[in-house]
**Q** 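Sending over a structure as structure tokens; questions will come in a sec.
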Amino acid sequence: MKKIINNPNEVVQDMVQGLVAAYPSKLKVIPETLVIARKDAPVEGKVGLVSGGGSGHEPAHAGYIGKGMLDCAVAGEVFTSPTPDQVFEGIKAADGGKGVFLVIKNYTGDVLNFEMAAELAEAEGIQVEKVIVNDDVAVEDSSFTTGRRGIAGTVLVHKIAGAMAESGASLQEVKRVADKVVANVRSMGMALTSGTVPAAGKPSFQLEDNEMEIGIGIHGEPGIERKHIASADEIATELVERIFTDIDIPKGQEVVVMINGLGATPEMELFILNKKVQNLLKDKGIEVFQTFVGEYMTSLEMAGCSVTLLKVDDELKSLLQAPSEAPAFRN
Amino acid sequence: MKKIINNPNEVVQDMVQGLVAAYPSKLKVIPETLVIARKDAPVEGKVGLVSGGGSGHEPAHAGYIGKGMLDCAVAGEVFTSPTPDQVFEGIKAADGGKGVFLVIKNYTGDVLNFEMAAELAEAEGIQVEKVIVNDDVAVEDSSFTTGRRGIAGTVLVHKIAGAMAESGASLQEVKRVADKVVANVRSMGMALTSGTVPAAGKPSFQLEDNEMEIGIGIHGEPGIERKHIASADEIATELVERIFTDIDIPKGQEVVVMINGLGATPEMELFILNKKVQNLLKDKGIEVFQTFVGEYMTSLEMAGCSVTLLKVDDELKSLLQAPSEAPAFRN
Amino acid sequence: MQLNVTNTVQWMQKANEKMQTNKDYLTTLDQPIGDGDHGINMARGFQEVASKLEETTYTNVSEVFKDVAMTLMSKVGGASGPLFGTAFLKLSMKLKGEELVDQTSFGAALNEAVNGLKQRGKAEEGEKTMVDMWASIAHYFTDNEHSTPAGLMESADAALEKIKAMTATKGRAAYFKEKTIGHQDPGSASTYFIFEALAEVWKGDSKA
Amino acid sequence: MQLNVTNTVQWMQKANEKMQTNKDYLTTLDQPIGDGDHGINMARGFQEVASKLEETTYTNVSEVFKDVAMTLMSKVGGASGPLFGTAFLKLSMKLKGEELVDQTSFGAALNEAVNGLKQRGKAEEGEKTMVDMWASIAHYFTDNEHSTPAGLMESADAALEKIKAMTATKGRAAYFKEKTIGHQDPGSASTYFIFEALAEVWKGDSKA
Ligand SMILES: Nc1ncnc2c1ncn2[C@@H]1O[C@H](COP(=O)(O)OP(=O)(O)O)[C@@H](O)[C@H]1O
Ligand SMILES: Nc1ncnc2c1ncn2[C@@H]1O[C@H](COP(=O)(O)OP(=O)(O)O)[C@@H](O)[C@H]1O
Ligand SMILES: [Mg+2]
Ligand SMILES: [Mg+2]
Ligand SMILES: [Mg+2]
Ligand SMILES: [Mg+2]
């Protein structure tokens with residue numbers, strides 16, 4: 001394992017301190033927690049937005065804190081959901097009296113811990129609502145199983161729900177648009193190499209030199225198929241077609257595109273992929289409203305990428321374009 | 001070599017097209033070139049700012065195009081300076097009648113090609129000035145040799161010269177502030193692994209599993225010392241101390257800090273490094289005006305980082321904080 | 001069997017030792033069909049449990065389990081944190097007020113723990129999760145009139161074999177579907193170590 | 001020796017073949033003491049030269065070198081693009097108006113090329129760059145009354161050995177300082193291949 005770290009068991013603490021030290025005028029850490037909050041949190045009279053999850057997905061989640069996006073992000077250990085008490089601290093720090101909205105990615109651990117935190121908060125009289133993001137079409141959405149995972153689409157939920165909350169909307173209104181995003185966003189990823197959890201010290205899985213895996217999750221969860229590495233155009237086609245199999249995107253529909261790097265993949269490759277994605281969408285008669293290319297939801301130093309498509313209407317478009325001051329999402 | 005690409009010899013063309021397709025309202029490509037320009041270039045009555053160099057450093061250089069930063073970026077082949085005719089196209093595309101300013105990193109290839117382009121432009125009556133960025137303290141600054149290299153500090157030159165140009169300043173004024181940045185900016189990098197040039201197909205160099213190299217360049221140029229991998233705190237200390245050996249930064253001086261990832265290093269590690277860098281500066285009585293943490297000047301999928309310090313005065317501070325609409329540098 | 005404050009604390013300390021010893025093993029189990037953090041999570045959590053019990057004086061078993069529950073809940077994270085937390089919280093609640101815990105009470109408390117796990121995890125038996133191991137342990141104490149350390153381990157070993165052959169349909173392992181067959185469920189393995197610790201303390205404790 | 005349009009074009013086509021064959025070799029030379037692109041750069045540039053010469057009809061040698069220069073300048077990039085471009089441009093300028101190029105003219109033109117290189121690259125002889133190889137070639141043609149293909153190669157081989165032993169103080173290799181001793185300079189090696197191509201064409205050409 002080659003990493004720029006100190007003690008592998010203290011990477012999250014070190015990171016949180018280094019993060020707040022980078023943006024001291026924008027962020028603060030809630031003392032004795034791994035909860036990072038807007039410097040001015042709680043914002044009175046605004047619905048508080050709380051997200052979080054395991055660490056190792058940077059800039060998710062703390063990079064999305066700022067006016068127009070999140071109020072708090074709760075950082076768990078690497079790839080491990082934060083605990084209910086920590087999430088509860090985040091809820092309290094975000095609570096400006098108008099209720100708190102939780103953005104949860106659909107993993108058993110995240111759901112359990114955030115739900116328990118919500119119960120603790122409600123017991124203290126804080127109104128809590130939530131959305132469970134499940135954009136990853138690599139996983140079957142069956143009621144008998146855990147269901148689709150939450151991946152890069154989560155960032156668009158942060159943005160849109162955040163803009164809604166910033167506008168002074170009610171908790172129900174925030175939930176309504178968050179649900180709308182979740183209903184309309186789908187993603188699909190692929191990996192060329194695995195990342196290494198610092199405390200584990202070795203790669204989470206191994207791919208051969210000529211192998212890739214389609215449909216991988218952001219914690220190294222397996223995908224649909226492990227196969228011979230293909231060209232960027234073929235990869236783009238496979239990821240986009242998988243999304244179209246899952247969700248109906250009619251001709252003329254406007255979409256937002258996110259080409260997300262998983263950690264080690266250079267931006268050059270993301271742009272090469274984007275070229276083909278845009279051409280595929282054009283061929284299908286889909287209108288691209290806005291494109292995001294970069295590292296939004298990573299998996300440590302995994303090489304690979306994901307493609308996210310979000311169907312947008314006028315409301316989502318205007319919320320998407322509302323200002324954001326989060327370090328990792330400026331527009 | 002595991003990469004998301006099509007033909008290894010066409011990665012730059014593919015990338016340029018994918019980049020402009022991502023930001024069609026902000027960027028355009030000058031037909032039949034690898035020159036990317038602001039959608040509204042040339043901006044009448046504004047000094048045009050042109051940068052560029054080999055590809056593989058994304059988001060440098062095209063990511064810094066936008067109101068408040070560059071007018072054009074010229075993309076060479078991977079790690080290979082663009083040719084004079086291409087740079088000349090960039091100069092023409094940026095020329096709004098008030099002269100064109102070139103930001104050149106100090107590599108023989110870049111200097112030669114940009115200087116020949118400047119001669120071509122001057123022959124056509126376009127006024128050209130330039131700055132040669134040489135912030136990398138890993139290299140001795142001797143008049144008998146090639147001198148220090150230009151690395152991540154270049155991004156701060158783009159920002160500050162760009163803000164000056166946007167304010168309507170003259171070519172000489174733009175040159176003055178660019179020279180001021182170059183005189184006050186120093187960087188030092190280190191690597192854990194090498195990147196792979198697509199057309200070469202194999203890593204540029206090999207480091208053992210327990211080795212790192214201090215003082216590495218952004219094209220895999222060698223550093224000062226290859227040694228056993230150290231902790232983040234030790235790495236931070238070595239990089240910062242090397243900078244302090246090269247440039248005098250008195251107690252009470254305000255600086256801008258840039259913690260730059262070289263490609264494969266997760267943001268988590270950059271923040272861990274930043275924690276120590278901030279503490280070291282505090283111990284020295286240096287005031288940090290602003291910190292940037294992220295991937296600003298990469299080297300394909302190299303794992304590693306660089307630290308940049310820029311001594312700022314009131315003029316540089318206000319230019320730094322002026323708005324920028326470049327995709328890769330928002331403030 | 002009989003649980004009192006002393007041997008319950010011993011049990012938990014022994015469980016911690018096992019988590020530290022088997023940290024890498026549990027992580028290895030979690031790599032092919034999970035995300036490779038289970039050993040790290042459990043070792044971190046039980047280390048904290050051990051410290052907490054070390055520095056606290058207890059007057060009954062229920063209180064011990066309550067602290068175990070709260071510590072696991074706040075230190076483990078992931079799926080297993082709230083689940084183990086819930087299980088021990090249910091033990092604590094069911095055993096409230098009991099001076100000495102006998103086999104009948106313990107069996108009843110384990111049944112409560114299993115119910116709590118099922119509810120929290122929205123899981124049933126047979127889904128290849130820690131529910132299966134907890135359920136088999138509960139069955140052992142409720143179905144056998146005279147429980148013994150050796151009997152407990154025999155039944156736990158058998159459960160481990162059965163679980164290994166299952167297909168996961170809950171938790172992160174569910175993404176691997178049929179590929180989980182033949183792989184051990186990490187949460188069941190850590191549960192096994194917890195009860196192996198009980199068996200060892202119980203065997204060495206004349207009063208138990 | 002005597003250069004005319006036909007054998008000059010043949011020379012350049014042969015040089016292209018050598019760049020393609022030695023692409024990986026040149027890149028390998030550029031990896032330990034550079035950035036590993038020299039073979040890629042030269043192969044790309046000479047491929048374009050070959051296409052350009054293929055599709056154009058020339059009336060004199062100077063014009064051929066001019067197109068070679070402009071093509072290398074606009075297709076190679078890096079340090080070597082403007083440098084080879086400059087060298088061939090100087091050959092073209094010096095040979096302007098000459099129908100047939102004899103050894104004396106060619107030697108004088110090579111001297112101009114060396115001066116152009118030195119000026120462009122701000123380099124002197126002995127700095128382990130292509131200047132050293134070009135200078136040694138120029139010396140060969142100016143210092144020997146009767147140049148022969150074999151003699152040219154003998155002197156080029158000797159130059160290669162000398163350059164290999166030098167310490168680089170210009171270009172990207174200068175960062176490696178003393179570590180460059182014993183490594184071949186990629187730009188000198190590609191220059192060698194260019195003149196090896198000349199020697200081969202010359203040997204096979206009764207009129208040359
Ligand atoms: N829905 C569930 N119900 C019961 N147990 C579960 C459930 N999901 C996961 N588990 C248990 O949790 C274990 C995984 O724990 P751990 O690796 O610490 O968490 P995570 O999966 O979040 O990384 C699994 O081996 C399984 O025994
Ligand atoms: N200042 C210079 N003067 C003359 N030749 C130089 C100079 N700098 C570099 N070279 C030549 O250029 C070669 C490197 O070319 P190339 O690898 O294509 O460019 P780059 O170094 O930009 O990657 C060197 O081997 C050397 O012969
Ligand atoms: Mg986990
Ligand atoms: Mg180069
Ligand atoms: Mg796990
Ligand atoms: Mg080179």
Side-chain angles (χ1 to χ4, degrees), chain A residues 8-9 34 53-56 74-88 107-117 120 136 138-140 142-149 194-206 215-224 299, chain C residues 23-24 26-28 30-45 47-48 69-86 89 117 119-124 126-130 167-180 183 187:
Chain A
N9 296 312
L34 295 173
S55 294
V74 189
E77 292 298 320
V78 177
F79 289 180
T80 301
S81 164
T83 56
D85 55 315
Q86 293 277 318
V87 179
F88 181 37
Y107 298 96
T108 308
D110 290 65
V111 172
L112 291 183
N113 287 286
F114 275 73
E115 281 182 353
M116 290 179 78
L120 294 172
D136 186 354
V139 183
E140 227 177 319
S142 145
S143 51
F144 299 108
T145 67
T146 314
R148 291 196 312 252
R149 301 175 289 229
S194 156
T196 298
V197 174
K202 55 177 186 167
S204 305
F205 59 92
Q206 287 287 349
I216 202 91
I218 54 172
H219 311 88
E221 296 97 340
I224 289 172
S299 181
Chain C
K23 177 178 165 180
D24 290 346
L26 290 171
T27 291
T28 309
D30 198 29
Q31 276 185 336
I33 59 164
D35 58 353
D37 60 356
H38 189 63
I40 305 166
N41 294 345
M42 296 303 288
R44 182 177 57 242
Q47 186 63 60
E48 298 281 346
M70 297 316 289
T71 305
L72 293 178
M73 199 95 87
S74 69
K75 296 298 177 190
V76 175
S80 53
L83 291 167
F84 279 112
T86 299
L89 198 62
L117 281 177
Q119 221 179 345
R120 189 46 75 203
K122 300 185 185 73
E124 289 304 317
E127 301 205 84
K128 196 180 183 118
T129 69
M130 65 173 75
T167 304
T169 49
K170 282 287 146 64
R172 208 178 287 281
Y175 307 135
F176 296 81
K177 299 182 193 166
E178 302 75 32
K179 287 182 204 146
T180 56
H183 283 282

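Within every chain, numbering begins at 1; the chains are lettered A, B, ... in the order of the sequence lines, protein sequences first and strands thereafter.
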**Q** Below 4.5 Å from any heavy atom of chain C, which atoms of A:E77 appear? Answer side chain, backbone, both or neither.
**A** side chain
**Q** Of all heavy-atom pairs between A:T83 and C:G77, which one has the smallest distance, and what is that distance?
**A** CG2-N, 3.3 Å
**Q** I need the residue from C:K179, C:K177, C:R172 with the largest number of non-hydrogen atom pairs under 4.5 Å to chain A.
**A** C:R172
**Q** Of all the heavy-atom pairs spanning A:T108 and C:G171, show the shortest one and how long it is.
**A** OG1-CA, 3.3 Å
**Q** Just to verify, what does C:Q119 make a side chain to side chain contact (heavy atoms under 4.5 Å, CB included) with, not counting sequence neighbours?
**A** none
**Q** Sort C:N41 into side chain, backbone, both or neither according to what part of it lies under 4.5 angstrom from a heavy atom of chain A.
**A** side chain
**Q** Output the distance between atom CG (C:D37) and atom NE2 (A:H219), rounded to the nearest 0.5 Å.
**A** 8.5 Å
**Q** Of all the heavy-atom pairs spanning A:D85 and C:M73, show the shortest one and how long it is.
**A** OD1-O, 4.3 Å
**Q** What part of C:K75 is in contact with chain A, defined as an atom under 4.5 angstrom from a non-hydrogen atom: side chain, backbone, both or neither?
**A** backbone
**Q** Not counting sequence neighbours, which residues clear side chain to side chain contact (heavy atoms under 4.5 Å, CB included) with A:S299? List them please.
**A** A:F79, A:I218, A:M302
**Q** Enter the distance from C:R44:CZ to A:T80:OG1 here, rounded to the nearest 0.5 Å.
**A** 6.0 Å
**Q** Given side chains that start at C-beta, do those of C:L83 and A:L112 come closer than 4.5 Å, heavy atoms only?
**A** yes
**Q** Could you pull out the closest heavy-atom pair between C:Q31 and A:A200, with the gap in Å?
**A** NE2-CB, 4.3 Å
**Q** Which pair of non-hydrogen atoms, one from C:G78 and one from A:N113, has the smallest distance, and what is that distance?
**A** O-ND2, 2.7 Å
